[in-house]
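Contents: one structure, followed by commentary.
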Amino acid sequence: MLSSQRFRDSRHTKYDFVDHVLVRCPKCTGIAHVAPAAIAEEANPSLFAPRRLVCRACGLTRHASGGLSLFRGTGEAVDPYFGLPLWLQTETRHGWVWAYNPEHLNLIRQFVQAPLRERPSWDSHGRKMTVVARLPTWIKSAKNRVEVLRAIERIRASLVN
């Protein structure tokens with residue numbers, strides 16, 4: 001189950017994952033997508049660009065003006081644009097494991113399963129407080145590795161169902 005790989009921090013922040021967020025649809029409770037409203041016009045849309053919520057199951061669509069409020073609390077996580085519960089989350093006995101999208105979840109999984117985790121040196125240029133640096137201590141702890149990986153697998157299974 002655990003691989004003998006090394007994890008090198010790629011210096012991603014939460015902002016790198018908010019272009020595409022999976023949320024729980026407020027109408028049908030299925031998977032809904034939050035994405036920039038004008039994907040074709042801009043190659044790299046701004047964090048504050050208008051967003052669109054689309055549920056393919058029930059057809060619900062909503063628009064947000066583009067305000068951004070990143071989740072910084074405990075409990076069930078919400079998306080930064082509509083305040084809807086994230087689809088990719090589950091509760092463990094220590095707290096919540098959550099991700100904005102499958103790429104974010106995969107980065108967390110790679111970090112947790114790696115026995116050797118390397119961070120960039122503090123004297124190097126670039127971002128210091130990355131997504132993995134900001135993970136709660138209980139997620140980073142080796143003694144919780146199996147439990148956290150089990151939670152991540154439950155989250156990944158929710159994408160298939």
Side-chain angles (χ1 to χ4, degrees), residues 1-36 39 44-45 47 51-58 60 64 68-121 126-161:
M1 180 177 181
L2 299 176
S3 64
S4 60
Q5 67 181 359
R6 173 186 306 230
F7 178 86
R8 287 195 174 108
D9 193 344
S10 55
R11 295 186 176 180
H12 287 295
T13 66
K14 287 182 186 179
Y15 299 107
D16 295 323
F17 298 103
V18 295
D19 277 345
H20 180 75
V21 180
L22 299 179
V23 297
R24 190 176 315 128
C25 176
K27 185 175 177 185
C28 72
T29 68
I31 299 177
H33 302 265
V34 175
I39 294 174
N44 294 318
L47 288 171
R51 299 290 192 229
R52 185 174 180 188
L53 167 76
V54 176
C55 178
R56 294 181 182 150
C58 68
L60 176 73
L68 178 71
S69 175
L70 290 177
F71 179 74
R72 289 186 168 89
T74 57
E76 193 173 35
V78 296
D79 86 281
Y81 297 101
F82 293 93
L84 297 171
L86 296 179
W87 183 264
L88 301 175
Q89 65 180 324
T90 190
E91 189 173 17
T92 69
R93 64 189 171 114
H94 302 286
W96 288 79
V97 177
W98 59 271
Y100 287 128
N101 55 43
E103 294 79 20
H104 186 197
L105 185 66
N106 190 43
L107 179 72
I108 295 168
R109 183 184 59 77
Q110 289 173 356
F111 173 79
V112 170
Q113 75 182 8
L116 179 59
R117 302 167 182 168
E118 295 181 5
R119 288 187 278 173
S121 62
R127 301 171 179 158
K128 305 295 185 210
M129 292 306 290
T130 62
V131 168
V132 295
R134 291 179 177 264
L135 286 172
T137 305
W138 64 268
I139 290 179
K140 297 177 188 179
S141 176
K143 70 179 181 181
N144 297 327
R145 181 176 288 144
V146 173
E147 182 178 356
V148 173
L149 288 173
R150 202 176 305 135
I152 290 171
E153 289 307 313
R154 280 197 312 269
I155 295 170
R156 289 177 70 195
S158 74
L159 286 171
V160 178
N161 295 337

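Numbering starts at 1 and runs along the sequence shown.
With sequence neighbours excluded, the residues that form a ring-ring contact (aromatic ring centres under 6.0 Å, His included) with Phe17 are His12, His104. Listed by chain and residue number, nothing satisfies the side-chain hydrogen bond (donor to acceptor under 3.5 Å, both in side chains) test with Gln89 (two or more places apart in sequence, or in another chain). When the side-chain hydrogen bond (donor to acceptor under 3.5 Å, both in side chains) test is applied to Asn144, the partners found at least two apart in sequence or on another chain are His94. When the side-chain hydrogen bond (donor to acceptor under 3.5 Å, both in side chains) test is applied to Arg134, no partner is found at least two apart in sequence or on another chain. Residues satisfying the salt bridge (charged side-chain N to carboxylate O under 4.0 Å, His left out) test with Arg8, not counting sequence neighbours, are Glu118. For Arg154, the side-chain hydrogen bond (donor to acceptor under 3.5 Å, both in side chains) partners at least two apart in sequence or on another chain are Thr90. Considering only residues two or more places apart in sequence or on other chains, Arg117 meets the salt bridge (charged side-chain N to carboxylate O under 4.0 Å, His left out) condition with none of them.
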Exercise answer: donor-acceptor pairs, residues 21-36 side-chain atoms, under 3.5 Å, sequence neighbours excluded:
| unit_1 | atom_1 | unit_2 | atom_2 | d |
| --- | --- | --- | --- | --- |
| Arg24 | NH2 | Glu76 | OE2 | 3.0 |
| His33 | ND1 | His20 | NE2 | 3.4 |

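For the atom pair CD1 (Ile152) and CD1 (Ile139), the distance works out to 7.5 Å, reported to the nearest 0.5 Å. Put simply, CG on Asn106 and CD on Gln110 are 4.5 Å apart, with the number rounded to the nearest 0.5 Å. How far OG1 of Thr13 is from CG of Asp16: 4.0 Å, rounded to the nearest 0.5 Å. Note that CG of Leu116 and CZ of Arg6 are 5.0 Å apart. Values are rounded to the nearest 0.5 Å. Leu86 contributes atom CG, which lies 6.5 Å from atom CH2 of Trp98 (distance to the nearest 0.5 angstrom).
Residue pairs satisfying the salt bridge (charged side-chain N to carboxylate O under 4.0 Å, His left out) criterion with at least one member in residues 103-116, sequence neighbours excluded, are absent. Contacts classified as salt bridge (charged side-chain N to carboxylate O under 4.0 Å, His left out) and involving residues 78-100 (residues at least two apart or in different chains) are given here: Arg93-Glu147.
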Requested in this report: Under the side chain to side chain contact (heavy atoms under 4.5 Å, CB included) rule, what do Thr92 and Val148 come out as? Steps first, then yes or no, please.
Outcome: CA-CA 8 Å; Thr92 69; Val148 173; 5.9 Å; no
Report task. In sequence, state the C-alpha distance, the side-chain angles, and the governing distance for Arg156 and Glu153, and then conclude on salt bridge (charged side-chain N to carboxylate O under 4.0 Å, His left out). Result -> CA-CA 5 Å; Arg156 289 177 70 195; Glu153 289 307 313; 3.1 Å; yes
Query raised in the report: Can you check side chain to side chain contact (heavy atoms under 4.5 Å, CB included) on Phe111 and Asp9, steps first, answer last?
Result: CA-CA 8 Å; Phe111 173 79; Asp9 193 344; over 6 Å; no
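Side chain of Lys140 to main chain of Ala133: a donor-acceptor pair is present (N/O by atom type, distance under 3.5 Å, no hydrogens or angles).
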